[in-house]
Protein chains: 2
Amino acid sequence: MDVKSLCLGVLALGDASGYEIKKQLEEGPLAYFYRAGFGSIYPALNKLSEEGLVTYTEMPQEGRPGKKVYSITEQGRAAFRKALRKKPGPDKIRSESMFMLFFAEFLEPERRRDVYEEYLSRFHSIIECMETVDLSEEMPGRRFAHELGLALYRSIADFMEANRDIILDGDPKAAVAAE
Amino acid sequence: MDVKSLCLGVLALGDASGYEIKKQLEEGPLAYFYRAGFGSIYPALNKLSEEGLVTYTEMPQEGRPGKKVYSITEQGRAAFRKALRKKPGPDKIRSESMFMLFFAEFLEPERRRDVYEEYLSRFHSIIECMETVDLSEEMPGRRFAHELGLALYRSIADFMEANRDIILDGDPKAAVAAE
DNA sequence: GCGTCCATGTAAATGGTTACATGATTAT
DNA sequence: ATAATCATGTAACCATTTACATGGACGC
């Protein structure tokens, strides 16, 4: 499941440029379990185009660099369906913040608190952002991903709100606040 | 945050061989937000050893290949502390199962159900496994990671148990069951 | 004047997975 | 017999990140 399949998937939902694919990835529900940068999207689109899985139309714009709008071909759809038939591998997660909190004992109390609060506030921002979008009109798959993501992030935020004591014990500021 | 830092972290908690590091990664709470295979661990340990961040003692065993038990050096500890001072990047997640469920409309109903149930049952297995371990004696960071992981997996499993209808609508078997 | 959004791309470097190679022991 | 556990490692391949390069429009 590489960036190529990802592009194919996004294009199966509608035509888009590389730039727009990235935006959908950052803003849509896909964001919660996949990400990719320009450095991987543009080469992926070029390869897909060489393989005949997508086509594109150059659209010159006034005062803008011309954009390339990609469309998936019938072969592309077949390739995408084939990719979806493969057995999904295990989830791959890599969280530097959690890595640091795991080794909390090696961090000074202040630094520990900073990492904790910054991580938590990131979840709050994401949740806030997710709550504003209306997906009732969307396809079930996208709604499912969005709602699962929301449930997931809420449970992390709730857990972190309620369990600061596990890790932030011995924090001088916490001690002061408790007086 | 690469495999080198990961090895350094594990070794900061106690001496271990490459094989044991991998086991800790699979079994311990670190598993929920980091993973690595032999192909990355062994080269990482060799590099760390070249850089003087770890040392090792070869321990020949009867009827077994000799194991190399690695220890972190003072320089290694310093390097690890330095790595922990860097600003943590955003979480990286890649879930092929969620990718497929996102594009549920492109899957036949039966295949959709299989992916769903297999994904859900993986979470059930993990939760079951996590519930049996006792971490009350462990350091706070590890307890935190374990408990957050458990809360997280439970919320995913609960959500999926309760929201099959979002995606599995139109599944012929569900229709039969509903009669 | 500065930052951000739009818009594309390349090249080098990094990093990781997969497959292979070896081999004894223990449990089913 | 067969698979799993213990135990290490290399080489080829694959994918991704990062940094660079370009450039106009628009808001503050």
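A note on names: the letters A, B, ... follow the listed sequences, proteins ahead of strands, and every chain is numbered from 1.
- The shortest side-chain heavy-atom distance between B:K67 and B:E58 does not fall under the 4.5 Å cut-off.
- Below 30°, between 30° and 60°, or above 60°: for B:Y19 and B:F38 the angle between ring planes is below 30°, a parallel geometry.
- Contact annotation for B:K23: backbone-only contact, meaning every heavy-atom pair under 4.0 Å involves sugar-phosphate atoms and none involves a base.
- Between A:E147 and B:I166 the shortest side-chain heavy-atom distance falls below 4.5 Å.
- Rounded to whole Å, the distance from CG on A:L25 to P on D:dT16 is 12 Å.
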>> How would you summarise protein contacts on nucleotides 9-19 of chain C per nucleotide, using B for base, S for sugar-phosphate only and - for none, with heavy-atom distances below 4.0 Å?
In response: BB----SSBB-

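- A:Y56 places its OH atom 12 Å from the C1' atom of C:dT8, with the value rounded to the nearest Å.
- B:K92 has no carboxylate O lying under 4.0 Å from a charged side-chain N of A:E96, or vice versa, which leaves the two without a salt bridge.
- In this structure, A:Y34 has its ring center at least 6.0 angstrom away from the ring center of B:F102.
- Inter-residue side-chain proximity for A:E26 and A:K22 is flagged as met; some heavy-atom pair is nearer than 4.5 Å.
- We find that NZ of A:K67 is positioned 17 Å from P of D:dA25, with the value rounded to whole Å.
- Helical stems of DNA chain D (runs of at least 3 Watson-Crick or G-U pairs, donor-acceptor distances under 3.5 Å) are listed by first residue: C:1-28 with D:1-28.
- Between B:F80 and A:F106, the distance from one ring center to the other falls under 6.0 angstrom.
- In this structure, the ring pair (Phe, Tyr, Trp, His ring centres under 6.0 Å) partners of A:Y116, at least two apart in sequence or on a different chain, are B:F144.
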